[in-house]
Number of protein chains: 2
Amino acid sequence: MSNAGRQCSNSAVQVKNKTVPLKTSPANDSLPLYRQVKRELQKIIEDGHYGPGKPLPSEATLALALKVSVGTLRHAVDELVHEHVLVRRQGKGTFVAPHNRARFMFQFFHVEPRWDPEDDMSREQVFPDIDCIAFARDKADEAEARALRIKPGDAVFRIENKLALRGRVVLHDRLALSAAIFRHLTEKRFSERPSTIYALFQTDFGITVLRAQERARAVAAGRAVARVLGVAAGAPVMEVHRLALTFGDRPVEYRISTINTQAHDYVSMLSKTP
Amino acid sequence: MSNAGRQCSNSAVQVKNKTVPLKTSPANDSLPLYRQVKRELQKIIEDGHYGPGKPLPSEATLALALKVSVGTLRHAVDELVHEHVLVRRQGKGTFVAPHNRARFMFQFFHVEPRWDPEDDMSREQVFPDIDCIAFARDKADEAEARALRIKPGDAVFRIENKLALRGRVVLHDRLALSAAIFRHLTEKRFSERPSTIYALFQTDFGITVLRAQERARAVAAGRAVARVLGVAAGAPVMEVHRLALTFGDRPVEYRISTINTQAHDYVSMLSKTP
DNA sequence: AAGTGGTCTAGACCACCAT
DNA sequence: TGGTGGTCTAGACCACTTA
């Protein structure tokens, strides 16, 4: 690890009998050491050699390899843990954060039954049933291309799902995935996914969704979607546009969800039952 | 500071010529020292002696007073900074985080013009004009009482606002505040507020809003609101229920917003322009 | 027993800000 | 100049996991 980012040293100095190496690169100045370490770690993670099941090298090993103290190494890891990129497990190691349902609920928006003060059952945690109703390889339209940063006409997978809560269909999904990224994705593999869609991205394609941009609005339900959701055409429904991003804010999925909010709410991550 | 939370020491020990004090309280065991420090800091902050303009005692002072190392004190402060409770300013001190527009945009949901790929003007940052259209002291109804954790019939301030973006009214607000907390609030003071409503809470009442629970849905616009928003009665609009919370998750504001999403979106905090 | 992360400490030096 | 937070290091000891 170069010491280019040290706040202090512009040249080699003696500090308490320890030689501090020279600044090597005039660029990258003023970037603290632990930020440089963080970048190195991000590179290591993005390379994809480590998944949710295989721990990174130990903190001591990494500190030695990057020629920084364990404290500095930990500072960098701390930030990645706060950003939900890594998770630490005492006694076991440090891992790339897995995409499970709990993470999805916490980190992204989701649909929840409307809370009914008269009915305690309505507060129970409930898991959605997802049903794939269409899977096709197609050409990206204008909006999809702009969102996914590909060219209009490039190959995309276009997938439609419906999502049910306690047997009631409440959400309709329309995803677009760049076929260049998700080569060899098949409807079978998609439908048999273990838990969430993002877990599939992670385990099968080495792509970890880190965050998402979402924009929501109220619209009148169109005929096709109204039929899926079981509402009258023209009824007010929510439409949510989501762009899921991975490292470096690279877009990997563009999704338009339509939600029947007659008995359910669209809820943010910070909510807990009041 | 008691050392009850140390992972290791169950009795006085000699460590490198330094005496580590005895564990004093059998309860509170297994809580790390820096968490105990964090609680102490929270108490200090909640007492309200320090505001956004008056720095807390320096880290060295606090560490000395609480009988912990600076490192441990900093660990506690780090967490409060990550939670947006405190902000550090190098050379000046550590402050209770002020409620300004930037924080509001970052931390809470807001309304934004729909992004139009043909029009770069639509991406400009724009500040809302807020207009108070009703201010009354009234009795809490069932829903308000449940949300604010007061009794139905207790006094509340009920306030209505409309919010315009570039001259277009896009949002209607209906707030309920517990009169017991916001004693002496007047319409004049409310309308003359310097920046955001939450800044007023903080400066005039010593109440810092830390986070909010929000639930969103699509509904058909009622007559009164439709007139304010300039849409047809029955048009699809978004309705957002927000409960704003302070320390200890105490509710301080219950708000129902109705949003005209014909040309604007409801956007989460993590979004940046794509 | 050995290896991992978690906590706590002590100290050096720096950049920023006010005076 | 002195005080504040910011960075970096070194080391001790602990709790948890696996073998």
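All chains are named by letter (A, B, ...) in the order of the sequence lines, taking the proteins before the strands, and each is independently numbered beginning at 1.
Taking side-chain N and O atoms only, A:Thr94 has a distance below 4.0 Å to OP1 or OP2 of C:dG5. Distances shorter than 4.0 Å separate none of the side-chain N or O atoms of A:Arg88 from OP1 or OP2 on C:dT4. Within the 4.0 Å cut-off from OP1 or OP2 of C:dC8, not a single side-chain nitrogen or oxygen of B:Ser69 is found. Of the side-chain N and O atoms in B:Lys92, one or more sit less than 4.0 angstrom from OP1 or OP2 of C:dA18.
In this structure B:Asp265 satisfies the salt bridge (Lys or Arg N to Asp or Glu O under 4.0 Å) test together with A:Arg215, A:Arg217, B:Arg114, sequence neighbours excluded. The salt bridge (Lys or Arg N to Asp or Glu O under 4.0 Å) search around B:Arg89 returns none, not counting sequence neighbours. With sequence neighbours left out, A:Arg250 forms a salt bridge (Lys or Arg N to Asp or Glu O under 4.0 Å) with no residue at all. The salt bridge (Lys or Arg N to Asp or Glu O under 4.0 Å) search around B:Glu46 returns none, not counting sequence neighbours.
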List, one per line, each side-chain donor-acceptor pair under 3.5 Å for residues 97-104 of chain B, sequence neighbours excluded.
unit_1	atom_1	unit_2	atom_2	d
B:His99	NE2	B:Val209	O	2.7
B:Asn100	OD1	B:Ala102	N	3.4
B:Asn100	OD1	B:Arg103	N	2.8
B:Arg103	NE	B:Gln107	OE1	2.8
B:Arg103	NH1	B:Ala97	O	3.0
B:Arg103	NH2	B:His84	O	3.0

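The CZ-P distance, from B:Arg89 to D:dT4, rounds to 16 Å in whole Å. One atom, CZ of A:Arg74, and another, P of D:dT7, lie 17 Å apart when rounded to the nearest Å. Going from atom CG of B:Asp78 over to atom C1' of D:dT7 covers 12 Å, rounded to whole Å. Nucleotide C:dG5 holds its C1' atom 12 Å from the OH atom of B:Tyr34, rounded to whole Å. Distance CG (A:Leu33) to C1' (C:dC13): 14 Å, rounded to an integer number of Å. In this structure, A:Lys38 atom NZ and D:dC8 atom C1' are separated by 18 Å, rounded to whole Å. When rounded to the nearest whole Å, the span between CD of A:Gln36 and P of D:dT7 equals 12 Å. Rounded to a whole Å, the CZ atom of A:Phe95 is 11 Å from the P atom of C:dT4.
Judged by distance alone, the side chain of A:His82 and the main-chain N or O of A:Asp78 form a donor-acceptor pair under 3.5 Å.
When each of A:Val70 and A:Gly91 is assigned the nucleotide of DNA chain D with its nearest heavy atom, A:Val70 is the one assigned upstream, toward the 5' end.
Not less than 6.0 angstrom separates the ring centroid of B:Phe190 from the ring centroid of B:Phe182.
For residues 54-64 of chain B, proximity to DNA chain D is found at B:Ser58, B:Glu59, defined as any non-hydrogen atom under 4.0 angstrom from a strand atom.
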